[in-house]
> 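To start, I am sharing the structure in question, which I have written as structure tokens.
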Protein chains: 2
Amino acid sequence: MVTIESSIKVRLVKIGELAKLTGCSVQSIRHYEKEKLLATLRRSDGNFRLYDSATVDQLKFIKHCRSLDLSLAEIRQLIALNQQPGMGCEDVNRMVDSHIEQVALRINELQDLQDKLMALRNSCASQSTVKECGILQTLSVTQK
Amino acid sequence: MVTIESSIKVRLVKIGELAKLTGCSVQSIRHYEKEKLLATLRRSDGNFRLYDSATVDQLKFIKHCRSLDLSLAEIRQLIALNQQPGMGCEDVNRMVDSHIEQVALRINELQDLQDKLMALRNSCASQSTVKECGILQTLSVTQK
DNA sequence: CTAAACTCTATGGTAACTATAGAGTCAAGC
DNA sequence: GCTTGACTCTATAGTTACCATAGAGTTTAG
Ligand SMILES: [Zn+2]
Ligand SMILES: [Zn+2]
Ligand SMILES: [Zn+2]
Ligand SMILES: [Zn+2]
């Protein structure tokens, strides 16, 4: 923790404390900075990154978005949109809708995969040898 | 297509035809070779890779495994096992079981994610401004 | 004989980080 | 003042299974 002189005293934290406050790793934070999702406003004399409480909130926002599997590019867009308070939010809705669709597609793909894997698993009589293993035989046959 | 003299005549194909025969890309094939999943038995005088029909089958096996989302490392294991015909196939079963489990886990994760995304989507009254967008507000609030 | 089509190796890129290495900074205790 | 440990810095390599490209050489059909 560092306090600096200015018209108002501000509590600044170093990257390790920011990581603890948000549950992000130190490397992620530096990564987000490189990707322009998070700015480092200030550096200490020894070149350490210093953050204020607004940055803590921004990073929590990013983390929340990541927990929903939004990409860094999408989060960057949301941040930019957030800075245009007067605009309509259709782009936000579209992004979420498209995300929901992607996830639904992926779930279907995985469900198909699951069915195939179960069928494959059933092709082996449990106590078998490699030579007679139904799984390996099935895998050797060209599908469809 | 190339035919060579030997005790038996063998039909050999170059990488482009192997790709067509199996539906794999040329780069994938070279990648599998680098990863030791597929050997190139022969080269032409001009250093082109030449493959026989056994290799076509091996590549089809690999492709079948990949369509089930087995990793290259796992496929490498299966190939090694295949060369021990007398051994029991428990390892094969274990691999498939563990795969099924992973996929089930991932499906559950995605289902949770889907629920969260739907809830998020519902927090926006469609014709809103960025400033009042329920989605952006929700994302700004620390979760849990 | 030449041009198109093919192949070769090597390299860089993808996504969102994690994990090092090697060097510098800072805080506390003696 | 000095040392020690904890922290931070930048830069780089690795993860996965490829795809894309560059620049060069090979093959084949006309
Ligand atoms: Zn998305
Ligand atoms: Zn079996
Ligand atoms: Zn697996
Ligand atoms: Zn909205």
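Order of the sequence lines fixes the chain letters, A, B, ..., with proteins taken first and strands second; residue numbering starts at 1 for each chain.
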> Is it the case that one hydrophobic cluster holds both A/Ile107 and A/Leu113, taking links as side-chain heavy atoms less than 4.5 Å apart, direct or via other members?
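Same cluster.
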> Between P on C/dT7 and CZ on B/Arg42, what's the gap in Å once rounded to a whole number?
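In whole Å, C/dT7 P lies 18 Å from B/Arg42 CZ.
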> Can you list every pair that meets salt bridge (Lys or Arg N to Asp or Glu O under 4.0 Å) and has a residue in residues 117-137 of chain B, with sequence neighbours left out?
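Sorted result for residues 117-137 of chain B: A/Asp97-B/Arg121.
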> From the set D/dA17, D/dC9, C/dT11, return the single nucleotide nearest to any side-chain atom of B/Lys34.
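It is C/dT11.
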> For the side chain of A/Thr40 and the backbone of A/Arg42, is there at least one donor-acceptor N/O pair under 3.5 Å apart?
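Pair absent, no side-chain N/O of A/Thr40 close to backbone of A/Arg42.
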> So does A/Glu35 get a backbone contact from the side chain of A/Arg76, meaning a donor-acceptor N/O pair under 3.5 Å?
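Yes, because the side chain of A/Arg76 sits within donor-acceptor range (under 3.5 Å) of the backbone of A/Glu35.
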> State which of D/dA17, D/dA20, C/dT7 makes the closest approach to the side chain of B/His31.
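The nucleotide sitting nearest to the side chain is D/dA17.
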> Nearest of D/dA20, C/dT20, D/dT8 to any side-chain atom of B/Gln27?
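Nearest listed nucleotide: D/dA20.
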> More 5' along DNA chain D: B/Leu70 or A/Val26, using each one's nearest nucleotide?
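This one resolves to A/Val26.
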> Rounded to whole Å, please give me the gap between CZ in A/Arg76 and C1' in C/dA15.
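Result: 12 Å.
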> Counting only side-chain nitrogens and oxygens, does A/Ser25 get under 4.0 Å of the OP1 or OP2 atom of C/dT18?
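Answer is yes, contact under 4.0 Å.
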> What integer distance in Å separates B/Leu38:CG from D/dC18:C1'?
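My rounded result for the distance is 15 Å.
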> So, is B/Ser71 close to the D/dT16 phosphate, meaning a side-chain N or O under 4.0 Å from OP1 or OP2?
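No.
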> Would you kindly give the CG-to-P distance between B/Leu68 and D/dA17, to the nearest whole Å?
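In whole Å, D/dA17 P and B/Leu68 CG are 14 Å from each other.
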> On a heavy-atom basis, which atom in A/Phe61 and which in B/Leu136 lie closest, and how many Å separate them?
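Minimum heavy-atom contact is CE1-O, 4.2 Å.
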> Per the end-axis method with five pairs at each terminus, what is the bend angle of the helix from C/dC1-D/dG30 to C/dC30-D/dG1, to 10°?
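Axis angle across the helix from C/dC1-D/dG30 to C/dC30-D/dG1, nearest 10°: 30°.
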> Could you tell me how far apart A/Ile15 (CD1) and C/dC17 (C1') are, to the nearest whole angstrom?
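Going from A/Ile15 (CD1) to C/dC17 (C1'), I get 14 Å.
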> I'd like to know if A/Glu17 pairs up with A/Arg11 as an ion pair, taking the criterion as any Lys NZ or Arg NE/NH1/NH2 lying under 4.0 Å from an Asp or Glu carboxylate oxygen.
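Yes, charged N to carboxylate O under 4.0 Å.
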> Once you round it to whole Å, what is the distance between P of C/dC6 and CD1 of B/Ile29?
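To the nearest whole Å, that distance equals 14 Å.
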> Look at the side-chain N and O atoms of B/Arg49 and state whether any lies under 4.0 Å from the OP1 or OP2 oxygen of C/dT7.
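For C/dT7, OP1/OP2 do not have a side-chain N/O of B/Arg49 under 4.0 Å.
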> Tell me whether the side-chain N/O atoms of B/Tyr32 come closer than 4.0 Å to OP1 or OP2 in D/dC18.
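Checking D/dC18 against B/Tyr32, a side-chain N or O does come within under 4.0 Å of OP1 or OP2.
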> I'd like a list of close polar pairs between nucleotides 21-25 of chain C and the protein, N/O only, cut-off under 3.5 Å.
none

> Will you find, in the side chains of B/Gln58 and B/Thr55, an N or O donor that is under 3.5 Å from an N or O acceptor?
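The answer is no; no qualifying pair exists.
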> Can a salt bridge be assigned to the pair B/Glu109 and B/Arg106 using a cut-off of 4.0 Å between side-chain N and carboxylate O?
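Result for this pair is yes, salt bridge flagged.
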> Of all the choices, C/dC8, C/dC26, D/dA20, which nucleotide is nearest to the side chain of A/Lys14 once you look at every atom?
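Closest nucleotide to the A/Lys14 side chain: C/dC26.
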> More 5' along DNA chain C: B/Arg43 or A/Arg30, using each one's nearest nucleotide?
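Counting from the 5' end, the first nearest nucleotide belongs to B/Arg43.
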> Is there a donor-acceptor pair closer than 3.5 Å between any side-chain N or O of B/His99 and the backbone N or O of B/Arg94?
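Flag not set: sc B/His99 to bb B/Arg94 has no pair under 3.5 Å.
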> Indicate yes or no for a side-chain donor-acceptor contact from B/Gln114 to the backbone of A/Ile100 under 3.5 Å, with no hydrogens or angles considered.
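Present.
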